[in-house]
Amino acid sequence: APSTPRGASARLMRLSPALLCGVAFVVASVLPAAAAIAQEVERLRPPIPSDEGDPPAILTLLGGAILVGIVLFAAAFPSKRGHQD
């Protein structure tokens, strides 16, 4: 008996849904990888950083002093816990 489109769809309908999901997963996984492999890509090289120098030492010290001041300011507030806690 010659194969007809109706016969092919009837055979597909008899396959288990798990098998169809497995086949769809494999096809969906392999096709993008095959397309990526087929592309001609030049070898990637890491970027060369520009030499901007070190930040000024005064800004580093000022930033540290501000952070220490914030911590000391927060530590100076009394706890809101009462004698019943």
Side-chain angles (χ1 to χ4, degrees):
S3 178
T4 63
R6 279 179 82 82
S9 65
R11 278 183 295 194
L12 263 178
M13 295 302 278
R14 279 186 274 146
L15 294 175
S16 74
L19 178 64
L20 287 176
C21 285
V23 169
F25 175 77
V26 169
V27 169
S29 300
V30 171
L31 283 180
I37 291 171
Q39 293 177 359
E40 291 270 338
V41 179
E42 70 178 58
R43 185 174 175 95
L44 295 176
R45 285 173 257 134
I48 299 170
S50 61
D51 187 22
E52 296 180 11
D54 294 330
I58 189 70
L59 289 180
T60 305
L61 292 173
L62 183 64
I66 289 172
L67 288 175
V68 168
I70 291 171
V71 169
L72 291 176
F73 179 75
F77 282 104
S79 169
K80 294 205 178 208
R81 300 179 70 174
H83 67 282
Q84 295 177 345
D85 289 342

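All residue numbers in this chain count up from 1 along the given sequence.
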- Would you say L20 and V27 are hydrophobically clustered, going by side-chain heavy atoms of ILVMFWY under 4.5 Å?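 Linked, L20 and V27 end up in one cluster.
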- Give a yes or no on whether L59 and L67 share a hydrophobic cluster (residues Ile, Leu, Val, Met, Phe, Trp, Tyr; joining criterion: side-chain heavy atoms under 4.5 Å apart).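 Cluster IDs for L59 and L67 differ.
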- Greater than 12 external heavy atoms within 6.0 Å of I58's CD1: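 Open.
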- With sequence neighbours left out, which residue pairs that include part of residues 58-81 fulfil the ring-ring contact (aromatic ring centres under 6.0 Å, His included) condition?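 Residue pairs with at least one partner in residues 58-81: F73-F77.
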- Please, which pairs that meet ring-ring contact (aromatic ring centres under 6.0 Å, His included) have at least one residue in residues 45-69, sequence neighbours excluded?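 For residues 45-69, and leaving out neighbouring residues, there are no ring-ring contact (aromatic ring centres under 6.0 Å, His included) pairs at all.
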